[in-house]
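Position 1 is the first residue of the sequence; numbering continues from there.
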Amino acid sequence: MNCKNDQCSGCQMRDLGIFCDLSESALNDLSEHKVSNIYKKGQTLFMQGNPPFGMYCISSGIVKITQVGSDGKESIVRLAKPGDTVGHRSLFSEQSYKATATAVQETKVCFYDKKYIQKLVKEQPTIAYNIISRLGRDLGAAEQKLTSFSQKNVRERLAELLLILKEGYGEKVDGRIKLNIKLTREEMASMIGTASETLIRFFTELKNEGLIEQEGKIIFILDEEKLLDFANIPS
């Protein structure tokens, strides 16, 4: 659904995005070249295998990036939150999208056409630097995930996932850390490379140990230090 094309200079996520260093006039030009859309939960921004037509900046909501492997199984590569950019890697590699982007909840996204972004990168070196920084961060996260998969058991990977979600979506509420993101058991299992039944078993273990608790679909972290121990991460 298309929504009002508001100004980039007034975006609450501006300081977190790749356009944070642009001047007021450059931001006004940026606003003239974007299309803002609202995606409902489950709607797709782009599909794996399709050619890239542009770049997407997340204004609000959450987008999951998934890949289908040669075995036909889908896995969640990462979660993109407000201030993040998706679709930029394929945009500059001249390759088709290597993943699919889907809204996890109602999400507002600003779309920028491929030709405009490529022109902007040539004119504004800081944007190129910021995009390279994002690519480097994404690569580092992918390498860390690969290491985690090869060296840690399922319980350790689940504890680590909860800590990662805490960094991006955690909020302190009455002495607990509330995770402001609702993921299905299938989605969480996909993120740590296990079956839903196995995840549920270890999830119950963490609750019984007093590390986490749940109210409806909302997860609360009760003991972050112990969760760090379970995740085998130095505090």
Side-chain angles (χ1 to χ4, degrees), residues 1-3 5 11 13 16-19 30 33-121 127 130-143 145-146 149 161 164-165 168-169 181-196 199:
M1 179 179 69
N2 187 261
C3 58
N5 197 9
C11 178
M13 295 298 114
L16 300 176
I18 63 172
F19 304 120
L30 191 70
H33 287 85
K34 77 173 182 177
V35 177
S36 298
N37 289 290
I38 298 291
Y39 290 83
K40 298 294 185 181
K41 179 180 179 180
Q43 286 189 312
T44 300
L45 281 69
F46 56 81
M47 292 283 293
Q48 182 174 344
N50 286 355
F53 295 107
M55 187 175 69
Y56 304 77
C57 293
I58 301 171
S59 179
S60 65
I62 301 168
V63 172
K64 66 177 179 180
I65 311 300
T66 59
Q67 282 185 329
V68 176
S70 57
D71 57 0
K73 292 183 179 180
E74 182 183 85
S75 60
I76 297 179
V77 179
R78 69 183 178 100
L79 295 171
K81 60 186 183 298
D84 286 345
T85 305
V86 296
H88 51 290
R89 188 172 72 86
S90 295
L91 192 65
F92 294 98
S93 65
E94 297 295 336
Q95 297 176 332
S96 59
Y97 287 122
K98 299 300 181 183
T100 296
T102 307
V104 173
Q105 60 191 49
E106 184 171 282
T107 301
K108 181 180 178 182
V109 176
C110 297
F111 173 80
Y112 300 93
D113 177 79
K114 176 180 178 178
K115 289 184 178 180
Y116 175 71
I117 289 297
Q118 290 177 338
K119 172 178 174 289
L120 196 61
V121 164
I127 293 179
N130 290 339
I131 290 175
I132 291 170
S133 296
R134 295 290 172 107
L135 291 172
R137 186 190 66 183
D138 293 345
L139 180 59
E143 291 174 345
K145 184 176 181 180
L146 182 62
F149 269 48
L161 171 61
I164 291 171
L165 294 177
Y169 310 98
I181 180 173
K182 296 179 182 179
L183 297 172
T184 66
R185 293 291 178 266
E186 291 76 16
E187 287 172 331
M188 292 181 70
S190 171
M191 294 180 75
I192 61 173
T194 191
S196 298
L199 178 134

Enquirer: What residues form a side chain to side chain donor-acceptor pair (under 3.5 Å) with Lys114, not counting sequence neighbours?
Expert: Glu94

Enquirer: Determine whether Leu183 and Leu165 make a side-chain contact, defined as any pair of heavy atoms from C-beta on separated by less than 4.5 Å.
Expert: yes

Enquirer: I need the Ile38 CD1 to Lys108 NZ distance, nearest 0.5 Å.
Expert: 6.0 Å

Enquirer: Out of Phe111, Tyr39, Tyr97, which residue meets the ring pair (Phe, Tyr, Trp, His ring centres under 6.0 Å) rule with Phe46?
Expert: Tyr97

Enquirer: With rounding to the nearest 0.5 angstrom, report the CD1 to CD distance, Ile181 to Gln105.
Expert: 7.0 Å

Enquirer: Identify, with sequence neighbours excluded, every residue that meets side chain to side chain donor-acceptor pair (under 3.5 Å) alongside Glu106.
Expert: Lys40

Enquirer: Enumerate the residue pairs fulfilling salt bridge (Lys or Arg N to Asp or Glu O under 4.0 Å) with a member in residues 50-66, sequence neighbours excluded, ordered by first and then second residue.
Expert: Lys64-Glu187

Enquirer: Judged by atom type as modelled, is there a donor-acceptor pair below 3.5 Å linking the side chain of Glu186 to the main-chain atoms of Ser196?
Expert: no

Enquirer: Only pairs under 3.5 Å count here: list side-chain donor-acceptor contacts from residues 47-58, not counting sequence neighbours, and write none if there are none.
Expert:
from  : atom 1 : to    : atom 2 : distance (Å)
Gln48 : OE1    : Val68 : N      : 2.9
Gln48 : NE2    : Val68 : O      : 3.4
Tyr56 : OH     : Leu45 : O      : 3.4

Enquirer: Taking side-chain contact (heavy atoms from CB on, under 4.5 Å) as the definition, give me every residue that meets it alongside Lys182, ordered by chain and number, with sequence neighbours left out.
Expert: Lys217, Ile218

Enquirer: Is a donor on one side and an acceptor on the other found under 3.5 Å between the side chain of Ser190 and the backbone of Ile76?
Expert: yes

Enquirer: Can you pull out every salt bridge (Lys or Arg N to Asp or Glu O under 4.0 Å) where at least one residue sits in residues 51-61? Sequence neighbours excluded, please.
Expert: none

Enquirer: Out of curiosity, Gln43 CD to Thr107 OG1, how far, rounded to the nearest 0.5 Å?
Expert: 9.5 Å

Enquirer: Return the set of residues passing side chain to side chain donor-acceptor pair (under 3.5 Å) with Lys119 (not counting sequence neighbours), or none when no residue passes.
Expert: Glu123

